[in-house]
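Model, not experiment: these values are computed from the prediction.
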Amino acid sequence: MSFSAVVHAEWIKIRSLRSLTGSLMSLFLATAGFSILFCATLGRPEPGVTDFDPVVFSYYGLNFGQMAALTFGAIATAAEYKNAGIRISLAAVPNRALFYTAKLAVVGGLACAVGLVTSLTCFLSGQALMDRGFGIGIGDPGALRSVAGCALYFALISLLSAGLAALLRSVTGALSLLVPLFLILPFVIGDVSGDSAAEFLPDRAGQQILLQDPSGTLGPWSGMAVLAAWTALAVTAGWWALCRRDA
């Protein structure tokens, strides 16, 4: 089978599973909903405050929506192993590298597309609600970068989750590692070793691109490169498990 045919087959699989379409919808609703609510209730910054960042506040709901992105990536891959469905998939596409690449292309592409719609909604709505003298436009420094970066962030963490799920062959197993990694470990490491060490964790590194003027160890694109390295490690581990283990 050609690559485009396998991609089409993977698209049909994802479209037919309500849990996956629900995860993508939750990504949009949670991120946009909490972001808009936060911006609507945000007060005017105090006079003399110099560290106010109007860009990052537009993505306040990202920490909620990223859980949906992680769930989407894990289910898209690990669902193949339920009721031995992976055997049917590999019987149709014996080339495991082709099968895995096509699946990741669909997962990453859908997460990026939904992420782009989400980021545009968050930014435009958030800045409109903050437009009381301190909102900014899409052409201002850091604005367009944050919109594209938010979409890329969702795509990369979805792929990270998909790779880990392929390694563990379990949605529960993948999420039991990813949820603490994204929600708990950054605060633990930040308290023990300082924020400089926590910045190299996938969520902290990737979210640097949402800041109008990042001031930490990592910049916007170097932070995204760190997240991409985490994703590449998980995807490679998943590929190794798929190619080396019996279905």
Side-chain angles (χ1 to χ4, degrees), residues 21-72 108-159 182-183 186-187 190 195 198-199 201-228:
T21 55
S23 294
L24 290 175
M25 186 176 296
S26 297
L27 186 159
F28 173 80
L29 292 176
T31 307
F34 281 104
S35 297
I36 292 171
L37 180 62
F38 179 79
C39 290
T41 58
L42 186 65
R44 182 179 294 274
E46 295 293 333
V49 172
T50 58
D51 59 351
F52 178 79
D53 190 335
V55 175
V56 73
F57 283 130
S58 291
Y59 307 103
Y60 178 82
L62 181 138
N63 288 322
F64 302 96
Q66 69 181 356
M67 293 296 104
L70 294 173
T71 302
F72 170 70
L110 285 174
C112 187
V114 175
L116 184 58
V117 173
T118 302
S119 62
L120 278 170
T121 302
C122 290
F123 181 82
L124 296 177
S125 300
Q127 296 306 315
L129 291 169
M130 287 193 293
D131 192 15
R132 290 165 292 185
F134 58 95
I136 65 172
I138 193 69
D140 287 315
L144 194 59
R145 183 195 69 211
S146 72
V147 171
C150 181
L152 184 57
Y153 178 82
F154 280 129
L156 287 176
I157 66 172
S158 295
L159 291 174
F182 276 73
L183 296 184
F187 298 100
D195 289 337
E199 284 184 11
L201 293 174
D203 64 324
R204 292 285 183 88
Q207 291 179 26
Q208 290 296 309
I209 204 165
L210 304 179
L211 301 174
Q212 188 174 29
D213 185 23
S215 58
T217 305
L218 297 174
W221 294 111
S222 58
M224 192 58 67
V226 170
L227 173 57

### Query
Please walk me through it: do D213 and D53 pass side-chain contact (heavy atoms from CB on, under 4.5 Å)?
CA-CA 8 Å; D213 185 23; D53 190 335; 5.9 Å; no
Shortest non-hydrogen separation from [X] to [Y] and the atoms involved:
| X | Y | answer |
| --- | --- | --- |
| P214 | R145 | CD-NH2, 4.1 Å |
| S58 | C39 | CA-SG, 4.0 Å |
| A151 | C112 | CB-O, 3.6 Å |
| T118 | A32 | CG2-N, 4.3 Å |
| A205 | L227 | CB-N, 4.4 Å |
| T217 | E199 | N-OE1, 2.9 Å |

### Query
Above 12 or not: heavy atoms from other molecules or residues under 6.0 Å from OH of Y60?
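Open.
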Approximate separation, where rounding is to 0.5 Å, of [X] [atom1] and [Y] [atom2]:
| X | Y | atom1 | atom2 | value |
| --- | --- | --- | --- | --- |
| L159 | F154 | CG | CZ | 13.5 Å |
| Y59 | T31 | OH | OG1 | 11.0 Å |
| R204 | F187 | CZ | CZ | 5.5 Å |
| C122 | F28 | SG | CZ | 7.5 Å |
| L62 | Y153 | CG | OH | 5.5 Å |
| F34 | L29 | CZ | CG | 10.5 Å |

### Message
Go through it in stages, so that I can follow the logic: the residues are L156 and M224, the test is side-chain contact (heavy atoms from CB on, under 4.5 Å), and I'd like the CA-CA distance, side-chain angles, deciding distance and then a yes or no.
### Response
CA-CA 9 Å; L156 287 176; M224 192 58 67; 3.5 Å; yes
### Message
Quick one: does any side-chain atom of S125 pair with a main-chain N or O of T121 as donor and acceptor, under 3.5 Å?
### Response
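Such a contact is found between S125 side chain and T121 backbone.
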### Task
Indicate yes or no for a side-chain donor-acceptor contact from Q208 to the backbone of G223 under 3.5 Å, with no hydrogens or angles considered.
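No, Q208 side chain to G223 backbone: no donor-acceptor pair under 3.5 Å.
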### Task
Just do the side-chain contact (heavy atoms from CB on, under 4.5 Å) check on L27 and F72 with the steps written out, would you?
CA-CA 9 Å; L27 186 159; F72 170 70; over 6 Å; no
### Task
Taking the side chain as every heavy atom from C-beta outward, state whether V147 and L116 have any pair of such atoms under 4.5 Å apart.
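They are in contact (side-chain heavy atoms under 4.5 Å apart), so the answer is yes.
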### Task
Scan side-chain atoms only and decide if S146 and Q212 contain a donor-acceptor pair under the 3.5 Å cut-off.
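Distance-only check fails for S146 and Q212.
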### Message
Ignoring hydrogens and geometry beyond distance, is a side-chain donor-acceptor pair present between Q207 and N63 at under 3.5 Å?
### Response
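Yes, a side-chain donor-acceptor pair sits under 3.5 Å.
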